[in-house]
Engineer: 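Structure in structure tokens, see below.
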Amino acid sequence: MASACIPAAQTQPALPSGPAVFKTIPYAFILPEILCGTLVWILVAATSVSFPLLQGWVMYVSLSSCLISLLLLITYIFGFHKNSENWKVLDSLYHGATAILYMSAAVLQANATIRSEAGPHSPLYYQLNSAASFFAFITTFLYILHAFSIYYQ
């Protein structure tokens with residue numbers, strides 16, 4: 001008779017779907033990741049891109065991460081994951097790898113910001129580069145939080 005009662009923890013789905021995505025802690029980081037990453041891309045694109053090798057990598061990482069994170073968000077909202085545990089592993093690996101890539105992009109953007117301070121460009125480009133560096137580090141932090149929170153869940 002004791003086996004007839006199912007605990008409440010087992011009846012909840014492991015992965016959220018629909019609006020519950022925005023209320024669950026690891027998955028609620030996806031939207032801020034997309035928004036901050038989009039800001040990084042827009043701010044770098046608004047500068048004169050004086051250092052194409054450095055800032056090209058920043059733009060590539062931010063744009064590709066935004067698009068993949070958007071696809072992941074759509075997957076969670078519409079429930080395409082079908083509550084498979086493999087999605088947790090995929091999510092953790094993706095966000096961990098992206099955190100490493102974003103850290104490299106943030107450091108390169110900070111380098112471009114330092115180099116643009118002494119350059120002949122207007123102070124506006126320095127301010128845009130500074131803001132892009134700030135949001136690149138914020139986005140890196142969000143990806144790290146997401147990766148660790150999904151791993152320890």
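Sequence positions, counted from 1, serve as the residue numbers for this chain.
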Engineer: Between S69 and C66 (side chain of the first, backbone of the second, donor and acceptor by atom type, cut-off under 3.5 Å), is there such a pair?
Structural biologist: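 It does not hold such a pair.
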Engineer: Do you know the tightest heavy-atom contact between A147 and G96?
Structural biologist: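 Scanning both residues completely, I find the closest heavy atoms to be CB-N, 3.6 Å.
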Engineer: Does one side chain, of S65 or T98, offer a donor that lies under 3.5 Å from an acceptor on the other?
Structural biologist: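 No, no side-chain donor-acceptor pair sits under 3.5 Å.
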Engineer: Can you tell me how far apart CG (L31) and SG (C36) are? Round to the nearest 0.5 Å.
Structural biologist: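 One gets 9.5 Å once the value is rounded to the nearest 0.5 Å.
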Engineer: State yes or no: do V107 and W57 share one hydrophobic cluster built from I, L, V, M, F, W and Y residues joined by side-chain heavy-atom distances below 4.5 Å, directly or via other members?
Structural biologist: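 Different hydrophobic clusters.
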Engineer: Return the set of residues passing side chain to side chain donor-acceptor pair (under 3.5 Å) with W41 (not counting sequence neighbours), or none when no residue passes.
Structural biologist: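 Side chain to side chain donor-acceptor pair (under 3.5 Å) check on W41 returns nothing, list empty.
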Engineer: When hydrophobic residues are tied together by side-chain contacts of less than 4.5 Å, even through go-betweens, does Y60 share a cluster with L43?
Structural biologist: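 Shared cluster, yes.
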Engineer: So, the side chain of T113 versus the backbone of Q109: is there a donor-acceptor pair under 3.5 Å, distance only?
Structural biologist: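 The answer is yes, because a donor-acceptor pair under 3.5 Å joins these two groups.
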Engineer: Could you go through F51 and N111, starting from their C-alpha distance and side-chain angles, then the distance that decides it, and tell me whether this counts as side chain to side chain contact (heavy atoms under 4.5 Å, CB included)?
Structural biologist: CA-CA 10 Å; F51 312 104; N111 185 6; over 6 Å; no
Engineer: Do the side chains of F137 and L142 join up, straight or via other hydrophobic residues, at under 4.5 Å, putting them in one cluster?
Structural biologist: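 Different clusters.
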Engineer: Taking I68 as the starting point, is it possible to reach F78 by hopping between hydrophobic residues whose side chains are less than 4.5 Å apart?
Structural biologist: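 Yes, same cluster.
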Engineer: What are the two closest non-hydrogen atoms of A132 and V40, and how far apart are they?
Structural biologist: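 Heavy atoms of A132 and V40 come nearest at O-CG2, 3.9 Å.
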Engineer: Below 30° counts as parallel, above 60° as perpendicular, anything between as tilted: where do the rings of Y27 and H146 land?
Structural biologist: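 Ring orientation of Y27 relative to H146: perpendicular.
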Engineer: Evaluate the ring planes of Y102 and Y143, with Trp represented by its six-membered ring, and classify them as parallel (under 30°), tilted (30 to 60°) or perpendicular (over 60°).
Structural biologist: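 The arrangement is parallel - the two ring planes meet at less than 30°.
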Engineer: Determine whether W87 and T75 make a side-chain contact, defined as any pair of heavy atoms from C-beta on separated by less than 4.5 Å.
Structural biologist: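 They are in side-chain contact.
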Engineer: What distance separates I34 CD1 from L70 CG, expressed to the nearest 0.5 Å?
Structural biologist: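 With rounding to 0.5 Å, CD1 (I34) is 5.0 Å from CG (L70).
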Engineer: Compare all side-chain heavy atoms of T140 with those of I144 and state whether any distance is below 4.5 angstrom.
Structural biologist: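 The answer is yes; the side chains approach within 4.5 Å.
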Engineer: Please examine the side chains of R115 and N129, heavy atoms only from C-beta on, and report whether any two atoms are closer than 4.5 Å.
Structural biologist: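 Result no, sub-4.5 Å side-chain heavy-atom pair not found.
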Engineer: Taking CZ in F141 as the centre, count heavy atoms belonging to other residues, nucleotides or ligands within less than 6.0 Å. Is the count above 12?
Structural biologist: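 At most 12 heavy atoms, drawn from other residues, nucleotides or ligands, come within 6.0 Å of this atom.
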Engineer: How long is the straight-line distance from CD1 of I42 back to CG of L128, given to the nearest 0.5 Å?
Structural biologist: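 Separation between the atoms: 11.5 Å.
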Engineer: Checking S92 side chain against V89 main chain: does a donor-acceptor pair fall under 3.5 Å?
Structural biologist: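 Side chain of S92 to backbone of V89: no pair is present.
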Engineer: Quick check on the hydrophobic clustering: are I77 and I30 connected, directly or via other members, by side-chain heavy-atom contacts under 4.5 Å?
Structural biologist: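 Yes, it is one cluster - the side chains of I77 and I30 are joined through contacts under 4.5 Å.
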